[in-house]
Visitor: 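One structure is given below, represented as structure tokens, and several questions about it will come after.
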Amino acid sequence: DFVYRAPLATVTYLGGYDSLKWDSLNGGPNYIFAPATTAAPNPAYQNRVYNQTEKPETINQELRFTSPSQDSRLTWQAGIYYFRNKNALDSFNFAPNGTQTPTPVIHFLYDVEIKSLAEMAQLSYKLTESFKVTGGFRHNDDDKSRDGCFWAGPLSAPDCRPTNSGTQQHNRGSVKKDTYHVGLDW
């Protein structure tokens, strides 16, 4: 975070970055790969095992300009905000079959991206010491996308994206929204 106070405005920067690698194999207490042996002729296999792998990477930034004194009769602020999240999702269910290569049941492979950009401005004016009028505006531009595929059943391709096997899904959506604010404070 950064704050710079100049005679005409205070400049504030707020930013963040996060990167996470999540790998969860939920096999439960009866989850085993081992085949039947003399000691365990009928090992108890769990019906399904769920594996979830995600790698979200997030960045957010805000740059804000405000009036130098919040005690003035006229105060203002304006700024921009940016957010981006990218995630590589690889999740699947499989059925243990007594070998080191269990039978796939369903597999999802997606690259997900979310972006948001916003601009905002607000102006306040004190009519008296105890009565203030405020007006503001914010414009948001949001985009979401999901590219990838899924398949069900035992397919030979370990990754359906480059081979175009499975069911391809390419989804995108955008929303633009303006928000207004008018207020009276007393």
Visitor: Judged by atom type as modelled, is there a donor-acceptor pair below 3.5 Å linking the side chain of D142 to the main-chain atoms of S116?
Guide: no

Visitor: With no hydrogens and no angle check, is any side-chain donor or acceptor of T53 less than 3.5 Å from a backbone partner on D23?
Guide: no

Visitor: Walk me through it: do Y125 and T75 pass the test side chain to side chain contact (heavy atoms under 4.5 Å, CB included)?
Guide: CA-CA 6 Å; Y125 185 75; T75 58; over 6 Å; no

Visitor: Going hydrophobic residue to hydrophobic residue with side-chain gaps under 4.5 angstrom, can you get from V175 over to I114?
Guide: no

Visitor: Count I, L, V, M, F, W, Y as connected when their side-chain heavy atoms are under 4.5 Å apart, and connections chain through other members. Are V182 and V133 then in the same cluster?
Guide: no

Visitor: Could you report the tightest heavy-atom contact between A9 and W76, atom names first, then the distance?
Guide: CB-CH2, 3.7 Å

Visitor: Can you check side chain to side chain contact (heavy atoms under 4.5 Å, CB included) on M120 and Y81, steps first, answer last?
Guide: CA-CA 8 Å; M120 60 78 118; Y81 175 78; over 6 Å; no

Visitor: When rounded to the nearest 0.5 angstrom, what is the spacing between CG in D147 and OH in Y110?
Guide: 10.5 Å

Visitor: Could you tell me the separation between the CZ atom of R172 and the NZ atom of K144, rounded to the nearest 0.5 Å?
Guide: 14.0 Å

Visitor: Answer yes or no: is there a side-chain heavy-atom contact under 4.5 Å between R64 and L14?
Guide: yes

Visitor: Could you tell me if the side chain of R138 sits less than 4.5 Å from the side chain of D178, heavy atoms only?
Guide: no

Visitor: Short question: side chain of R73, backbone of L127 - any donor-acceptor pair under 3.5 Å?
Guide: yes

Visitor: Taking atom types as modelled, find out whether T58 and D18 have a side-chain donor-acceptor pair closer than 3.5 angstrom.
Guide: no

Visitor: Indicate the atoms forming the closest heavy-atom contact of N87 with P56, along with that distance.
Guide: OD1-N, 3.3 Å

Visitor: So, for L8 and P68, which heavy atoms are closest and what is the spacing to 0.1 Å?
Guide: O-CD, 3.4 Å

Visitor: Evaluate L123 against T134 for side chain to side chain contact (heavy atoms under 4.5 Å, CB included), listing each step before the verdict.
Guide: CA-CA 6 Å; L123 186 67; T134 301; over 6 Å; no

Visitor: So, taking the atom named OG in S72 and the one named NZ in K126, what distance separates them when rounded to the nearest 0.5 Å?
Guide: 8.0 Å

Visitor: Taking L20 as the starting point, is it possible to reach L89 by hopping between hydrophobic residues whose side chains are less than 4.5 Å apart?
Guide: no

Visitor: If you measure from NZ on K86 to OG on S145, what distance do you get to the nearest 0.5 Å?
Guide: 9.0 Å

Visitor: Just by distance, no angles: are the side chains of Y17 and E57 close enough, under 3.5 Å, to form a donor-acceptor pair?
Guide: yes

Visitor: Does Y13 form a side chain to side chain contact (heavy atoms under 4.5 Å, CB included) with Q61? I'd like the steps, not just the answer.
Guide: CA-CA 7 Å; Y13 169 79; Q61 300 184 40; 3.5 Å; yes

Visitor: Could you grab the distance from atom NZ of K177 to atom NE2 of H139, nearest 0.5 Å is fine?
Guide: 12.0 Å

Visitor: With rounding to the nearest 0.5 Å, note down the distance linking CG in D143 to NZ in K176.
Guide: 7.0 Å

Visitor: Are I80 and Y180 co-members of a hydrophobic cluster defined by side-chain heavy atoms under 4.5 Å apart?
Guide: no

Visitor: With the side chain counted from C-beta on, respond yes when Q52 and W22 share a heavy-atom pair under 4.5 Å apart, and no when they do not.
Guide: yes

Visitor: I'd like to know whether CD of E129 has more than 12 heavy-atom contacts from other residues, nucleotides or ligands below 6.0 angstrom.
Guide: no

